[in-house]
Amino acid sequence: MEAADSNEVGVDGIDGFSTDLEGTDLGDDEPKQGLFDDLLSGEPIFENKEVLRPSYTPHELPHRNDQINKMATILVAALRGETPSNILIYGKTGTGKTASAKFVSKELESTSQKYSVPCDVEYINCEVTDTQYRVLAQLANKFIEKNQARIDERIDSLEDLLDDLAEYDDSSPDAPGAGTGGDLFEPADVESTSTDDSPSVSTEDDTTATAGDYTGETKGSLGAFSDDDEPASASDHDLESRADARLPPDHPLESTPFDSRQAVQERIETLEKDKESFDEVPMTGWPTDRVYSVFFDAVDYDERVVVIMLDEIDKLVEKSGDDTLYNLSRMNSELENSRVSIIGISNDLKFTDFLDPRVKSSLGEEEIVFPPYDANQLRDILEHRSDVAFKGSALSDDVIPLCAAFAAQEHGDARRALDLLRTAGELAERSQAETIVEDHVRQAQDKIELDRVVEVVRTLPTQSKLVLFAIILLEKNGVHSINTGEVFNIYKRLCEEIDADVLTQRRVTDLISELDMLGIVNAVVVSKGRYGRTKEISLSVPLEETEAVLLSDSRLSDIDDVQPFVQARFEN
């Protein structure tokens with residue numbers, strides 16, 4: 001009987017669920033220490049770590065007021081409804097170019113909302129979005145999304161207007177148009193089409209939208225209307241009829257360009273068609289001219305000034321040529337409602353040398369150069385951020401000066417200084433130290449340098465990895481002052497092991513020079529007298545860590561056990 005009741009309801013009321021806890025030790029009142037409990041037990045050092053990351057845009061940028069003010073004086077034209085000049089921003093990595101441009105664009109957008117002037121800023125990182133198709137597709141989809149959001153706002157405000165009409169009819173049965181849903185004129189007196197003089201915006205389905213539509217927004221903003229505006233669909237006869245109607249001041253349609261409920265409903269239907277007409281651009285698959293056409297229509301749907309910020313613009317030119325910049329810089333001659341301005345940001349001062357002269361002249365209307373920071377300026381930046389980033393007394397006095405000094409050696413790179421300070425804090429927190437000290441900064445410097453080496457080595461082409469692996473094998477076998485011939489002999493053996501093409505010795509010499517420029521090896525040309533000249537090569541990075549990165553490549557993983565023959569030689 002006991003064995004047969006396998007389907008009886010368990011203690012918790014769930015069929016087939018057993019709550020038998022026999023053999024389970026429930027006597028421990030103390031909870032078990034989990035994996036993260038010990039790590040959480042220490043007092044945190046950081047108050048807000050995000051302010052030390054490159055993606056953070058601060059509210060104040062020390063020592064960049066001149067550049068920020070110059071950008072502002074150029075872009076203020078957008079707030080007057082004019083087209084700002086295109087701007088090219090130059091400077092080395094970590095000199096505050098992107099942070100300053102984002103800061104100014106935020107201020108521009110917030111001020112445009114304050115004064116109800118339509119202005120949109122879009123940011124594209126061309127190191128990630130590095131082809132003409134991707135840039136145009138990303139921009140098109142962003143503006144389609146904005147257009148649809150604005151259409152939704154307009155539809156909502158028009159539906160609110162319909163609700164106001166219904167309430168007005170209910171509360172004022174004797175008012176003009178009452179009982180007819182606010183229809184003040186006979187249908188025959190109202191023209192359904194706009195006059196030739198009314199501004200309009202064309203969409204893909206040839207639907208026409210008057211620029212004076214009621215949206216419930218502040219007067220002076222996009223789509224709003226002034227007291228002098230009249231319905232774009234009204235003729236002179238209609239205006240006289242409207243004047244005779246003498247709408248009460250509290251009538252919902254009195255200050256709108258609409259003369260009836262039907263006109264409001266028709267406008268809602270038109271906006272809904274506009275919204276449906278926008279096709280989102282896929283990230284691949286369309287002809288580029290179609291993508292450009294969709295982007296163009298999306299930008300020109302509303303009256304506004306558009307600022308397109310292209311960070312790492314030189315990467316886009318390097319990968320895809322200057323076609324994108326040509327199209328963007330020439331848009332204004334075809335746009336009817338919008339105006340486009342471009343801000344290009346580059347680390348390469350000479351990238352415009354490769355541009356078409358027409359693109360160069362239109363794109364580089366204004367140029368702003370960001371000089372590197374010195375150690376004192378870097379110290380100010382770090383102190384400014386550390387006040388927000390760390391708790392009270394988390395930093396010893398020598399930490400910020402040391403971070404600033406290290407970064408000043410790296411061509412005044414503020415990003416490097418912030419990375420150093422953040423990494424030092426993380427190392428201190430992991431060791432459960434209460435204060436960040438000089439030793440944490442030096443550890444952070446070593447860690448960042450190693451991380452940089454790992455990333456550079458990991459992204460090397462296969463042939464360069466084989467050359468580097470040959471140098472590593474020679475050093476592991478105790479060879480000092482390695483020459484190019486020895487590297488080439490072992491490189492050939494490695495190529496045979498993985499069935500790779502063997503390059504000429506001259507090309508291998510070029511690859512060694514490239515590794516030297518990257519700081520991975522040190523190659524010095526020395527003279528051997530009548531025996532000519534050769535390069536003496538030594539490794540400039542940690543051997544074991546570099547070897548591990550190379551062996552993580554699937555093609556090179558099989559050559560771990562190769563023991564190349566090293567020819568004995570006499571040292572002078």
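What you see is a predicted model; the values in this text were computed from it and never measured.
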* Residues R493, E497: salt bridge by 4.0 Å N-O rule -> yes

* Taking R507 for its side chain and V502 for its backbone only, find out whether a donor-acceptor pair lies under 3.5 Å. => no

* Return the set of residues passing side-chain contact (heavy atoms from CB on, under 4.5 Å) with L543 (not counting sequence neighbours), or none when no residue passes. => I472, E475, K476, L539, E547

* Strictly by modelled atom types, are S346 and D348 linked by a side-chain donor-acceptor pair under 3.5 Å? -> no

* **Aromatic ring pairing F296/Y292, orientation class (parallel under 30°, perpendicular over 60°, tilted between)** => tilted

* Asked: Do L328 and F295 touch side chain to side chain, with heavy atoms closer than 4.5 Å?
  -> yes

* Asked: Would you call E449 and R452 a salt bridge, taking side-chain N to carboxylate O under 4.0 Å as the test?
  -> yes

* Asked: Is it true that R458 and E455 make a salt bridge, defined as a side-chain N closer than 4.0 Å to a carboxylate O?
  -> yes

* Which residues share a side-chain contact (heavy atoms from CB on, under 4.5 Å) with A523, sequence neighbours left out -> I512, D516, K535, I537

* Consider only side-chain N and O atoms of Q443 and D439, and report whether a donor and an acceptor are under 3.5 Å apart. => yes

* Between E426 and R422, is there a side-chain N and carboxylate O pair less than 4.0 Å apart? -> yes

* Should K146 and E122 count as an ion pair when the cut-off is N to O under 4.0 Å? -> yes

* Asked: Can we say D419 and R415 salt-bridge, meaning some charged N sits less than 4.0 Å from an Asp/Glu carboxylate O?
  -> no

* Salt bridge flag under 4.0 Å for residues E318 and K350 -> no

* Exercise: do S100 and Q67 side chains pair donor with acceptor under 3.5 Å -> no

* From I345 atom CD1 to I313 atom CD1, the distance as rounded to the nearest 0.5 Å -> 9.0 Å

* **Pairing residues for F46 by the ring-ring contact (aromatic ring centres under 6.0 Å, His included) criterion, not counting sequence neighbours** => F390

* Would you call D553-R555 a salt bridge at under 4.0 Å N-O? -> no

* E145/K142 ion pair, N-O < 4.0 Å -> no

* Asked: With a 3.5 Å cut-off and no angle check, do the side chains of Q505 and Y491 form a donor-acceptor pair?
  -> no

